[in-house]
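What follows is a single structure, written as structure tokens, with notes after it.
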Amino acid sequence: MESRSFPGDFTWGAATASYQIEGAVHEDGRGESIWDRFSHTPGRVLDGDTGDVACDHYHRYRDDVALIAGLGLNAYRFSVSWSRVIPDGTGAVNERGLDFYERLVDELLAHGIAPFLTLYHWDLPQALEDAGGWPVRATADAFADYAGIVAARLGDRVRSIATLNEPWVVADHGYRIGTHAPGRSDPAAALAASHHLLVGHALGMQAIRSAAPTTAAGIVLNLSPQHPASTHPLDLEAASAEHAWLNRWYLDPLVGRGYPEAPAWAAGQVRAEVRAGDMALIAAPIDFLGINYYNQGRVRSGLLPSLEPSGDPLERTGMGWEVYPAGLVEVLEFVVSRTGALPLYVTENGAAYPVDAADPTRDPARVSFLRRHLEAALDALDRGVPLRGYFAWSLLDNFEWALGYDPRFGIVHVDYSTLERRVRDSGRFMGAVARLGRLPVDVGAGTGGSRA
Ligand code: FCB
């Protein structure tokens, strides 16, 4: 039987983020970001890893673009480092920083690869954090200025501009629990940050629209189904609260529904940061929504005894994340319930697995993971979801935030002692899917994927 096909104009890419791959943190006038400060603070990142060198993409971007072209992908999602472009977050523009992204974009275009640019993938200029960070409204204004500057220089050549990557992670991990930069644990600051991220997105959209009126502009959210761990009413209630905080907190305001009920940890907080007119501003139309999907959550109420360990029958990735392809269909359909015909992209999906010591390019578990999630993407298309593209996370093994270089997400292996790149089986698999426009017949025994 012929396997199902993706639409002919489907976007096939791989994704990265500036701090995770670039290195060159002191080069060409780049300023300090919160991830430089955080990773250099003892105890914050596993093994004391930092992004100082990372994949050295700043110097090797030409090779990396050739790699993407060699794989056969037609798109590349990357992020711009705000501190390269405006080293202090506001004020003087560093032209050499913009020049780097211009060279990258032109190199991509010369290889027929569509650039998908993200403005903010978590690396706030440290000077802005010192002035209060996202809990302070001025950060949203600064972001809009930055967005306009990048859009004016590159908007004519990039396929799309996303304002923010995963604002939920920024507010939750950065300001509420403090496991990410800037490492604060302050619920009130997290709530204020969440709102100012949305205001920043909205003002950033206006700046992009005026500097680059024909460029598609939108935002990228992380979504994850939150299922109750049992049928107990308290678990159902807890799962619904988690769903509100994780999946609706940003999406609902973006589509004009306002904020859902606040999570329990925020009970009693007065949301003084929400000003008259903000919700209408935030609900201004976007051209696309990017969705990052990795796993589902199984939610247990804190009021119930924890469930007996069951020997954990779940299939998990090297991150300990449950492999749950059906969740991709769920989140896409949930989004469509809010966004209708708005074009959607899976802007990240992928998995970390330990490196095969004998041959680091062999990664059958990742191939299987990608195959099953692409089957789910086909299911979503069959159900009418306006899905326009899919980006694997990640092009390269890279700096995985607080876990440093330990998790390996790349469809290309990076040897950190030589910085040599080697395409994994999963990279070849993604290239084959992009070229064929459908899933290749699964001939590899043990790759776990269903047969085409
Ligand atoms: C996402 C991030 C990305 C990477 C993956 C594994 O939440 O956007 O930078 O860390 O998770």
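Atoms within a ligand are numbered from 1 in the order they appear, just like the ligands themselves.
Between D425 and R428 there is a salt bridge, with a side-chain nitrogen of the basic residue lying less than 4.0 Å from a carboxylate oxygen of the acidic one. Salt bridge R408/D356: absent, no basic N to carboxylate O contact under 4.0 Å.
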Validation: residues 10-17 side-chain donor-acceptor distances under 3.5 Å, sequence neighbours left out:
{"from": "T16", "atom 1": "OG1", "to": "Y76", "atom 2": "OH", "distance (Å)": "2.7"}

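Judged by a 6.0 Å distance limit and a 45° cone about the ring axis, R372 is not positioned over the six-membered ring of Y324. Geometric assessment of R424 against the ring of F429 yields a negative cation-pi assignment under the 6.0 Å and 45° thresholds.
Each of P115, S18, S79 was checked for a side chain to side chain contact (heavy atoms under 4.5 Å, CB included) with Y101, and the lone residue meeting it is S18.
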N/O to N/O under 3.5 Å, ligand 1 against protein:
{"from": "ligand 1", "atom 1": "7 (O)", "to": "E166", "atom 2": "OE1", "distance (Å)": "2.6"}
{"from": "ligand 1", "atom 1": "7 (O)", "to": "E166", "atom 2": "OE2", "distance (Å)": "3.0"}
{"from": "ligand 1", "atom 1": "8 (O)", "to": "H121", "atom 2": "NE2", "distance (Å)": "3.2"}
{"from": "ligand 1", "atom 1": "8 (O)", "to": "N165", "atom 2": "ND2", "distance (Å)": "3.0"}
{"from": "ligand 1", "atom 1": "8 (O)", "to": "E166", "atom 2": "OE2", "distance (Å)": "3.3"}
{"from": "ligand 1", "atom 1": "8 (O)", "to": "E348", "atom 2": "OE1", "distance (Å)": "3.1"}
{"from": "ligand 1", "atom 1": "8 (O)", "to": "E348", "atom 2": "OE2", "distance (Å)": "3.0"}
{"from": "ligand 1", "atom 1": "9 (O)", "to": "Q20", "atom 2": "OE1", "distance (Å)": "2.8"}
{"from": "ligand 1", "atom 1": "9 (O)", "to": "H121", "atom 2": "NE2", "distance (Å)": "2.8"}
{"from": "ligand 1", "atom 1": "9 (O)", "to": "W401", "atom 2": "NE1", "distance (Å)": "3.1"}
{"from": "ligand 1", "atom 1": "10 (O)", "to": "E400", "atom 2": "OE1", "distance (Å)": "2.8"}
{"from": "ligand 1", "atom 1": "10 (O)", "to": "E400", "atom 2": "OE2", "distance (Å)": "3.2"}
{"from": "ligand 1", "atom 1": "10 (O)", "to": "W401", "atom 2": "NE1", "distance (Å)": "2.9"}

